[in-house]
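Heads up: numbering here begins at 1 and tracks the sequence.
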Amino acid sequence: MKNIYYLLSLCLWGAMTASCNDWLDVNPRSQMKAEKLFETEDGYKKALTGVYIKMGEPALYGRNTTMYMGDALARMWIIPSDQGSTLNSFSNHRYTTSSAENTISTVFSSYYNAISQLNDVLTNLQGSSVTFSYNNDKLIEGEAKGLRAFMHLELLRFFGPVPSQAVDGNKTIPYVTEMTTNTSKLLSKTWKEVVTSIEKDLNDAENLLKASDPLVHTKVDSLKFLSNIGEPNVPADSWQYFRQSRFNYFATLATKARLYHWIGDKEQAAKYARMVIDAKKFELCDEAYFFYNFATLTMYQEHLFGLNNPDLQTTFDPLYAVSSPPLTQTVNMVNSAYESTIHVNDIRHVGTRYWEEKVNAAGDRSHHFYKYIGNGTIKYDNRVPLIRYVEMYLILSEDLPAGEAKEYFVKYRQTRALSSTIDDPTFGSESALLSRLEKEYRKEFYGEGQLFFFYKMHNYEQLTWPTPYNVPAGGYVLPKPKGLTDFE
């Protein structure tokens with residue numbers, strides 16, 4: 001994936017800042033003029049792949065929005081004492097420090113930079129004279145529209161209101177569907193407009209990918225994870241392999257489930273989560289999974305959509321592998337999070353699979369988190385999950401009536417080797433259900449940045465782990481970077 005072309009950096013917001021590079025520098029590994037890039041099918045493939053690379057970099061899912069800022073917002077890591085530090089700022093939901101403002105600006109601009117590249121692909125695809133093979137024009141269009149919806153939903157979850165407090169006519173974020181250098185077109189849309197636009201893009205992606213995605217028609221081999229080698233109906237174009245690392249048809253359905261769950265449409269959320277499960281293309285990981293030679297600590301078997309970046313260890317090692325890792329948590333708090341005295345065989349906390357305390361020559365202790373750096377037995381795989389199959393089970397556990405939800409929660413519980421005495425969501429207390437699911441989101445998505453969204457969706461006023469903490473007013477809404485609001 002290293003030897004591909006990025007699109008030229010696109011200076012969308014030059015009028016907003018002194019230099020467009022402050023906002024939209026993508027540091028391309030190589031460049032190709034757009035008019036040449038879109039003269040061939042291969043150029044379209046490279047342009048779309050460039051977006052995936054952009055998303056996998058540290059500015060977004062390669063660090064900031066997952067294990068770093070994303071998890072800090074849920075107070076997952078030990079909070080440093082330096083109040084101006086990035087981890088301290090986000091853990092305490094203070095967004096006016098220079099470190100927080102810089103990170104927020106990086107995240108915001110990187111999302112819209114990637115979206116602008118998608119829009120360039122989609123604009124050039126319309127009416128293109130290029131002859132595409134194997135339905136790749138439809139596949140590219142479906143991926144691009146699905147990705148555009150996915151990233152706008154991520155922006156809405158970070159920068160938009162708490163869903164229960166959303167008002168249809170209130171402004172939220174820009175929804176950008178065209179390549180433009182005109183800042184007057186980069187205006188925030190209302191909650192209703194953004195949700196409707198996400199739905200439209202996902203509907204288009206669903207229709208396009210249902211017809212063109214080889215994953216729909218090819219059996220998922222749990223040993224090869226969509227390498228498609230030796231499978232029936234193998235795509236003739238090798239570019240169509242490894243669909244779990246691209247925005248595929250089932251990622252589209254899962255994003256719909258995530259969207260409807262976010263806005264409180266339980267019926268639609270359950271519908272699409274069930275569609276993913278009922279397709280029987282994926283499996284939940286269990287204890288046996290970790291003894292296969294293809295096992296990964298990010299549970300690649302469950303990836304509905306994830307990103308691969310061969311340079312991830314350059315980012316991860318300073319976060320997790322050094323003698324005093326900045327992203328860590330105390331042994332006692334980790335044991336508390338995983339309820340280790342109750343669930344002694346939890347596949348995410350058994351032995352030293354995901355966590356290990358080490359003592360250096362000086363006697364200093366440090367607690368290492370292995371999900372992204374490997375544990376010696378199970379090596380790292382340079383992948384970051386963005387949507388995992390397990391999320392569909394947790395959505396159904398929350399959004400279905402209690403009697404129906406039990407089937408999915410029991411299946412989830414069994415694969416994670418949780419004690420059979422755990423409460424299933426068959427009780428009538430919403431607070432008890434949320435308490436159980438909060439614990440499971442924490443265990444399941446440690447390092448993936450999802451717990452913050454659980455807290456935000458349910459507007460938790462107080463967090464109880466690792467210590468009691470009152471979320472400040474406005475703490476769930478990241479402020480849009482200075483400059484954009486000047487045009488609203």
Side-chain angles (χ1 to χ4, degrees), residues 1 4-12 24 26 28 30-56 110-153 155 174-182 185-186 196-217 235-243 245-253 255-256 305 307:
M1 290 182 66
I4 71 163
Y5 294 90
Y6 270 131
L7 296 178
L8 287 171
S9 295
L10 300 169
C11 195
L12 294 183
L24 296 174
V26 298
S30 56
Q31 296 179 339
M32 178 184 287
K33 290 183 178 180
E35 61 267 24
K36 294 292 185 181
L37 189 68
F38 296 118
E39 286 182 353
T40 66
E41 177 178 337
D42 190 53
Y44 280 93
K45 292 177 179 178
K46 289 174 178 176
L48 183 57
T49 304
V51 177
Y52 288 110
I53 291 179
K54 175 71 176 175
M55 294 174 66
S110 296
Y111 270 123
Y112 281 107
N113 180 277
I115 290 168
S116 74
Q117 294 185 30
L118 290 172
N119 289 337
D120 204 25
V121 171
L122 289 166
T123 298
N124 280 277
L125 194 59
Q126 299 304 312
S128 172
S129 60
V130 173
T131 300
F132 289 85
S133 56
Y134 310 114
N135 283 326
N136 280 332
D137 54 337
K138 303 302 181 187
L139 191 57
I140 290 169
E141 183 181 0
E143 285 189 37
K145 286 190 172 183
L147 276 175
R148 185 168 70 185
F150 175 87
M151 284 192 279
H152 278 106
L153 177 56
L155 283 158
Y175 201 97
V176 185
T177 59
E178 61 179 307
M179 264 300 303
T180 179
T181 57
N182 186 348
K185 295 183 179 181
L186 296 175
T196 299
S197 295
I198 293 172
E199 285 182 298
K200 182 182 185 307
D201 270 346
L202 288 175
N203 287 338
D204 288 348
E206 180 182 355
N207 292 330
L208 288 160
L209 293 174
K210 186 175 184 179
S212 62
D213 191 343
L215 180 52
V216 176
H217 311 290
D237 186 348
S238 61
W239 181 75
Q240 296 185 357
Y241 292 179
F242 301 103
R243 295 297 297 159
S245 295
R246 307 184 72 87
F247 200 84
N248 58 71
Y249 173 70
F250 296 100
T252 304
L253 300 181
T255 303
K256 279 191 162 186
F305 172 44
L307 297 169

Between CG on residue L209 and NZ on residue K145, distance to nearest 0.5 Å: 11.0 Å
When you check the side-chain N and O atoms of E199 and N203, is any donor under 3.5 Å from an acceptor? no
Do V121 and Q117 come close enough that some side-chain heavy atom pair is under 4.5 Å? no
Salt bridge (charged side-chain N to carboxylate O under 4.0 Å, His left out) filter on K256, not counting sequence neighbours, yields E206
With side chain to side chain contact (heavy atoms under 4.5 Å, CB included) as the criterion, how do M55 and F150 come out once you've worked through the C-alpha distance, each side chain's angles and the decisive distance to 0.1 Å? CA-CA 12 Å; M55 294 174 66; F150 175 87; 4.3 Å; yes
With a 3.5 Å distance limit and no angle check, can you tell me whether S116 reaches the backbone of N113 through a side-chain donor-acceptor pair? yes
Closest heavy-atom pair, V130 versus F38, reported as atoms and distance to 0.1 Å, is CG2-O, 3.7 Å
Looking at D204 and R148, is there a salt bridge between them, counting it only when a charged N and a carboxylate O are closer than 4.0 Å? no
Does the Q240 side chain pair with the main chain of Y134, one donor and one acceptor, at a distance under 3.5 Å? yes
Output yes when E143 and K45 qualify as a salt bridge under the 4.0 Å nitrogen-oxygen rule, no when they do not. no
Do Y52 side-chain atoms and F247 backbone N/O form a donor-acceptor pair below 3.5 Å? yes
Please name all residues satisfying salt bridge (charged side-chain N to carboxylate O under 4.0 Å, His left out) with K210, sequence neighbours left out, ordered by chain then number. none
Working for side chain to side chain contact (heavy atoms under 4.5 Å, CB included), residues D120 and L37: CA-CA 11 Å; D120 204 25; L37 189 68; over 6 Å; no
Any residue meeting side-chain contact (heavy atoms from CB on, under 4.5 Å) with S197, in chain and number order, not counting sequence neighbours: Y175
Verdict with reasoning, Y111 to V176, per side chain to side chain contact (heavy atoms under 4.5 Å, CB included): CA-CA 11 Å; Y111 270 123; V176 185; over 6 Å; no
If I take atom CG from residue L215 and atom CZ from residue F242, how far apart are they, to the nearest 0.5 angstrom? 13.0 Å
Looking only at atom types and distance, does a side-chain atom of Y44 sit under 3.5 Å from a main-chain N or O of N136, one as donor and one as acceptor? no
Please determine whether side chain to side chain contact (heavy atoms under 4.5 Å, CB included) holds for the pair T252 and D213, giving the CA-CA distance in whole Å, both sets of side-chain angles, and the decisive distance to 0.1 Å. CA-CA 11 Å; T252 304; D213 191 343; over 6 Å; no
